[in-house]
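Model, not experiment: these values are computed from the prediction. We name chains A, B, ... by the order of the sequence lines, and we start the count at 1 in each one.
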Protein chains: 2
Amino acid sequence: MKLNGTTISDIAARANVSKSTVSRVLNDKSVVNQQTRKVVLEAMESLGYQANAFARSLASGRSMTVGVLTQKIGSPFYDMIMQGVIQGFAGTGYSPLFVDGQWEESTALEVIRAVLGRKVDGMLLLGGDLPEQQLNELKERLPTIVVGKEIPGWENQCVYIDNISAAYDATKHLIDFGHRDIAIIQGIKQHQDAMRRFDGYAKALADAGIELDPGLVLEGDFSAQSGIVGISSLLMRGKSFTAVFCANDMVAYGARLALQRHGIRVPEDVSIVGFDDQGESAYVTPPLTTVRQPGTEMGAAAAAGLVQLMQGKPCVLPTLQAELKCRESVARVLR
Amino acid sequence: MKLNGTTISDIAARANVSKSTVSRVLNDKSVVNQQTRKVVLEAMESLGYQANAFARSLASGRSMTVGVLTQKIGSPFYDMIMQGVIQGFAGTGYSPLFVDGQWEESTALEVIRAVLGRKVDGMLLLGGDLPEQQLNELKERLPTIVVGKEIPGWENQCVYIDNISAAYDATKHLIDFGHRDIAIIQGIKQHQDAMRRFDGYAKALADAGIELDPGLVLEGDFSAQSGIVGISSLLMRGKSFTAVFCANDMVAYGARLALQRHGIRVPEDVSIVGFDDQGESAYVTPPLTTVRQPGTEMGAAAAAGLVQLMQGKPCVLPTLQAELKCRESVARVLR
DNA sequence: TTGTAAGCGTTATCAC
DNA sequence: GTGATAACGCTTACAA
């Protein structure tokens, strides 16, 4: 790992060729004499040459960098996606530049500006709620793909799973196990995923001929704390229920804890299903039945698609399926 | 959010000044006439100017970017640190460029090369085990700070907590509660943190006059699975123990699950303490008693220190303390 | 306080 | 196949 400031000229001199030729072998595109190429390569090797990415970008107009806007580095689900994104770009020559929008529109706009100043060749938006106009301006300007959200008019530039049918399946699973009084603790209200998960829940109930009881739908914000609050509210009001569908796994953890605090057993007395299948969920007690979102695959698919787009090729994004992981937090209700 | 390719010349023309002047107001450093500055600023505003970071870096030699080598984006503890790093750089003008070493030396070296090609002004190393020589070459070349690890000869360039005394405290807590047969499920063997946590455990036992029973020390790798395996091994061999100190929280989750599978209650029959205090730990059942590592603070401190270093100032890194969070996974042993 | 001009390390366009 | 040479957009002495 030599760490010097060797430039293209140095190696040109060393190899007795012109800068142009060096540049050619560097970019591998145009044809260079086998022998010449070899000499140049050797010169690079011995001088420990490392191309200056800035000079390259400035001259070529391409940065080989893509901006990745996250909403909160550190959230379990987006971490999976980020992993996938990293994997997806590995070996493509593009480097992801992560910036964090912190769930705030103004912050998001600001970091996007910053990243545009770095002349990224493309943009990956992980979740988040940018105003439509900004979104479209972005899309106009450079290849952009959105992960974890469906946006009208962005067909083929969004990677997401069908939250409605995933939530439908989760709820139906509960119904199949004999549950009828199924509570739901929701995610952040304006959040697209949260709304769709509710819709799926409602639809499953409707299809099973179960009337939706507003007293069983609780607000929440994707946090464990909101799971605790949700259960407490239910209990305090004396609502009877045998199952809870949680907006995500963190909410499920909180719900499970609150239940146990009240001496209510999971799954014997109350069943729980979560959403996301974050890493811990297979190991909590009882192991959580939850909807697995293929986060890694989503990230990787988005990255791959973006690379296609940046190379001017059309891109086809796969339709990814969520999958219900049946573990041990759901039991058949005794009748 | 205008997204055009306006350059310094455009705004120079618009403001009837030279490029140099525009550059001056851009960099805020040298003195510019109040009136002139105002005109230039207005021109920038109206044209939606966004400086080209590459051209800037190429000309100035500074990139205002720092490379952050992570070991595995997505691991709970490093996520906390990353959060802190992002916060720490916010508003400083520097942007972190995250690259992932994947716990592999060759990968790490490769991504470091890549990041050096991007002419980062500094490096932040989050954990990881680079060979000493590479490390020192790096340090020679540019401001570098290591987080989560103590390296001899890098005094004042490492941010870490004292794992030995943290593990000592955790173990002592168990001892204070009357436990004497305390098992430990370790982290990855060569890992510095893992070794120190073992040392702290051993020291606490020794200080309490408890002989260390090799049959109670289990290998592990920081995964939940290794927690399960550890407990199973203990049980299979019929070892008697009343407490388990786990290398991290994931291991603790696994241990707790394995215990429950065997009908052993936590904390009534066996107490557990973890390490890290990842976000879920306060909400699992029972809420986990664990050592809280101030990950966010560590990341932020490292970032702040690096900024100092990059500006040629000396930096003082704070000594951060781990803290035992007593929750509900530890009980007094009945005698 | 402001302007001129020489780079910074590459790529890209022409000739040769 | 290869080599000049002009960009690329900005910073920075050096003058004015």
Side-chain angles (χ1 to χ4, degrees), chain A residues 2-41 43-44 47-65 93 113-114 116-121, chain B residues 2-41 43-44 47-65 93 113-114 116-121:
Chain A
K2 286 273 179 45
L3 307 169
N4 49 43
T6 321
T7 81
I8 208 179
S9 309
D10 299 331
I11 96 116
R14 177 75 112 95
N16 272 311
V17 294
S18 71
K19 298 196 310 180
S20 325
T21 301
V22 177
S23 175
R24 285 189 186 101
V25 350
L26 208 53
N27 292 292
D28 229 14
K29 220 48 215 160
S30 26
V31 207
V32 178
N33 178 294
Q34 269 305 316
Q35 180 56 24
T36 319
R37 141 176 267 100
K38 185 158 158 275
V39 176
V40 172
L41 252 18
M44 287 184 176
L47 268 51
Y49 173 73
Q50 171 73 51
N52 180 322
F54 293 142
R56 270 185 123 162
S57 306
L58 183 57
S60 69
R62 277 164 294 117
S63 70
M64 300 308 281
T65 295
R113 280 203 72 117
L116 289 178
R118 295 200 126 86
K119 298 287 176 263
V120 294
D121 297 331
Chain B
K2 287 271 179 47
L3 308 169
N4 47 44
T6 321
T7 81
I8 208 179
S9 308
D10 298 331
I11 96 118
R14 176 75 111 96
N16 271 311
V17 295
S18 71
K19 298 195 310 180
S20 338
T21 301
V22 177
S23 174
R24 286 188 187 101
V25 351
L26 208 52
N27 292 292
D28 229 14
K29 220 46 216 163
S30 24
V31 207
V32 178
N33 178 292
Q34 269 306 314
Q35 181 55 25
T36 318
R37 141 176 267 100
K38 185 157 158 276
V39 176
V40 171
L41 253 18
M44 288 185 175
L47 269 50
Y49 174 71
Q50 172 72 51
N52 180 322
F54 292 142
R56 271 184 120 162
S57 306
L58 183 56
S60 69
R62 278 164 293 115
S63 70
M64 300 308 283
T65 296
R113 279 203 72 119
L116 289 178
R118 296 199 127 86
K119 297 286 176 268
V120 293
D121 296 331

Quick tally for nucleotides 7-16 of chain D: nucleotides whose base has a protein heavy atom under 4.0 Å get B, sugar-phosphate-only ones S, the rest -, giving -BBBBBB---
| field | Atom-to-atom span, CD of B:Q34 to C1' of C:dT2 - whole angstrom | value |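 B:Q34 atom CD is separated from C:dT2 atom C1' by 15 Å.
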**Item:** Length of the CG-P vector between A:D10 and C:dG9, whole Å
**Value:**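 Rounding to the nearest Å, CG of A:D10 and P of C:dG9 are 9 Å apart.
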If I compare all heavy atoms of [X] with all of [Y], which pair ends up nearest, and what's the gap?
{"X": "B:Y49", "Y": "B:I8", "result": "CE1-N, 3.8 Å"}
{"X": "A:V32", "Y": "A:R24", "result": "CG2-CB, 3.7 Å"}
{"X": "A:S63", "Y": "B:R118", "result": "O-NH2, 3.0 Å"}
{"X": "A:M64", "Y": "A:D121", "result": "N-OD2, 2.5 Å"}

**Separation between CD of A:Q50 and CE of A:M44, rounded to the nearest 0.5 Å** =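 Going from CD on A:Q50 over to CE on A:M44, the span is 10.5 Å.
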